[in-house]
2 protein chains.
Amino acid sequence: MAEGHGSASGGENLLFLTDEQLRKGIEAMFFAYRGFTADPDRILEDHAYGRAHHRALHFINRTHGTTVNNLLALLGVTKQSLNRVLRSLIEDGLVESRVGRTDRRERNLYLTPKGEALERALSEAQRERMRAAYRAAGPQAVAGFRQVLEAMMDDDIRRQYLGLRDRRP
Amino acid sequence: MAEGHGSASGGENLLFLTDEQLRKGIEAMFFAYRGFTADPDRILEDHAYGRAHHRALHFINRTHGTTVNNLLALLGVTKQSLNRVLRSLIEDGLVESRVGRTDRRERNLYLTPKGEALERALSEAQRERMRAAYRAAGPQAVAGFRQVLEAMMDDDIRRQYLGLRDRRP
DNA sequence: TTGGAATGTCAACAAGGCTGACTTAAAATG
DNA sequence: CATTTTAAGTCAGCCTTGTTGACATTCCAA
């Protein structure tokens with residue numbers, strides 16, 4: 001019932017964990033996620049792609065030369081599901097799949113210039129919203145935001161998340 | 001590239017808004033949302049329901065007697081899509097639909113005891129994860145978390161979010 | 001050389017979004 | 001009172017994205 005979580009005070013008070021407070025957090029996640037995906041979704045419509053394509057582009061860009069298995073673990077879907085998305089991206093010339101150098105069973109995935117262009121457009125739209133939210137909330141809030149999100153992940157996912165680094169070729 | 005956002009210092013430093021920082025925020029949203037939905041999803045499987053049912057149950061519980069139109073605005077889906085979900089919940093005896101008192105075109109939606117039971121199981125699982133994340137991150141982080149999420153919502157959605165209150169009958 | 005791992009493919013299915021068209025009932029409006 | 005608008009529900013059909021299961025291919029490694 002009582003609001004007032006917002007004060008940066010509160011110290012070690014644990015009474016703020018009322019069901020109502022938790023409920024608001026749950027709803028905030030739900031509504032914010034809608035905003036979070038809204039801008040890229042609009043761009044994707046024009047290309048007849050969906051969120052699954054966006055996610056693939058994002059992580060291929062993030063870790064150049066990643067393998068399919070690696071991508072599967074990040075995305076948390078079946079290979080059949082990813083394969084469908086990946087195939088269309090390869091056919092359309094946004095992603096290149098190269099046979100692995102050391103292990104030739106593997107395929108290393110790269111964005112083509114065309115793929116990079118779409119990825120950039122998508123991530124710029126998404127970053128712009130994130131940037132605006134960060135600015136509105138301030139640096140302290142951003143730190144807290146990240147801390148809570150990290151704590152909400154499954155353990156194995158958190159490890160993957162923390163391990164992600166830009167790997168430029 | 002450089003990490004180090006995590007310090008609660010940082011003050012008014014705006015350099016933390018590097019693309020890499022924003023990217024990490026984007027990925028945190030993606031991975032955290034997976035964790036956020038994981039526990040209810042497991043429960044829903046046993047009942048042959050999906051996330052759409054969970055969302056409907058949540059908001060009907062939240063605003064007892066809400067109308068279909070109201071629910072549509074909250075969920076952001078088409079009435080055909082909601083109707084499919086709603087029909088199964090009504091058929092299964094989890095939701096009751098009563099003709100409106102003042103405006104008889106409207107239907108007021110309520111959870112039955114059975115519906116309340118499932119809603120409680122789902123939301124307790126989700127609240128438990130939220131509670132654990134809040135505890136791990138601390139009160140200051142929670143305030144920041146909520147601030148950033150609110151800032152990320154579309155304006156009209158934020159208004160609805162802020163307006164949500166428990167309406168017990 | 002054979003077993004197993006990585007990848008890819010085909011088929012079938014389900015959930016849950018969407019659009020469009022249409023009905024019914026009731027309220028609002030002229 | 002007649003007309004229009006609104007709320008809700010329904011039917012049909014489509015798309016994306018997830019799922020299983022079965023199976024083929026390639027090729028590293030024991």
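Per chain, numbering begins at 1; letters A, B, ... match sequence-line order.
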- Using a heavy-atom distance cut-off of less than 4.0 Å, which residues of residues 37-46 of chain B contact DNA chain D? none

- First encountered from the 5' end of DNA chain D, between Arg84(B) and Thr67(B): Thr67(B)

- Task: Check whether any side-chain N or O of Arg127(B) sits under 3.5 Å from a backbone N or O of Asp19(A) as a donor-acceptor pair, and report yes or no.
- Result: no

- Query: Does Arg159(B) make a cation-pi contact with Tyr161(B) (under 6.0 Å, within 45 degrees of the axis)?
  - Reply: no

- Residues Val85(B) and Ser88(B): closest non-hydrogen pair is O-OG, 2.9 Å

- Can you tell me if the side-chain N/O atoms of Asn69(B) get under 4.0 Å from OP1 or OP2 in dT6(D)? no

Name every donor-acceptor pair, under 3.5 Å, that has one atom in a side chain of residues 89-102 of chain B and the other anywhere in the protein, sequence neighbours excluded.
unit_1	atom_1	unit_2	atom_2	d
Asp92(B)	OD2	Tyr49(B)	OH	2.3
Glu96(B)	OE2	Arg98(B)	NE	3.4

- Message: For the residue pair Gln126(B) / His58(B), report whether a side-chain donor-acceptor contact shorter than 3.5 Å exists.
- Response: no

- Quick one: the side chain of Arg55(B) and the base of dG16(C), do they pair up donor-acceptor inside 3.5 Å? no

- N or O in side chain of Arg51(B) less than 4.0 angstrom from dG16(C) OP1/OP2: no

- Message: If you compare every side-chain N and O of His53(B) against the phosphate oxygens of dG16(C) (OP1, OP2), does one of them come in below 4.0 Å?
- Response: yes

- Message: Using whole Å, what does the distance between atom C1' of nucleotide dT17(D) and atom CZ of Arg87(A) come to?
- Response: 13 Å

- Relative to the ring of Phe145(B), is the ring of Tyr134(B) parallel (under 30°), tilted (30 to 60°) or perpendicular (over 60°)? perpendicular

- Roughly, in whole Å, what's the span from CG in Leu72(B) to P in dT19(C)? 12 Å

- Within this structure, what is the CD-to-C1' distance between Glu91(B) and dT10(D), rounded to whole angstrom? 13 Å

- Query: Could you go step by step and tell me if Thr37(B) and Arg51(B) meet the side chain to side chain donor-acceptor pair (under 3.5 Å) rule?
  - Reply: CA-CA 8 Å; Thr37(B) 56; Arg51(B) 266 182 220 176; 3.2 Å; yes

- Query: Between dG9(D) atom P and Glu106(B) atom CD, what is the distance in whole Å?
  - Reply: 11 Å

- Message: Output the rounded distance in Å from CG (Leu89(B)) to C1' (dG16(C)).
- Response: 14 Å

- Query: Do any N or O atoms from the side chain of Arg129(A) and from the backbone of Asp39(A) form a donor-acceptor pair under 3.5 angstrom?
  - Reply: no

Using atom names, set out every protein N or O paired with an N or O of nucleotides 20-28 of chain D below 3.5 Å, distance rounded to 0.1 Å.
unit_1	atom_1	unit_2	atom_2	d
dG21(D)	O6	Gln80(A)	NE2	3.2

- Between Tyr33(B) and Phe31(A), ring centroids under 6.0 Å: no

- Message: Between C1' on dT19(D) and CG on Leu82(A), what's the gap in Å once rounded to a whole number?
- Response: 14 Å

- Item | Any Asn83(A) side-chain N or O less than 4.0 Å from OP1/OP2 of dT9(C) | yes

- Message: Please report the distance, rounded to the nearest Å, between CG in Asn70(A) and C1' in dA5(C).
- Response: 16 Å

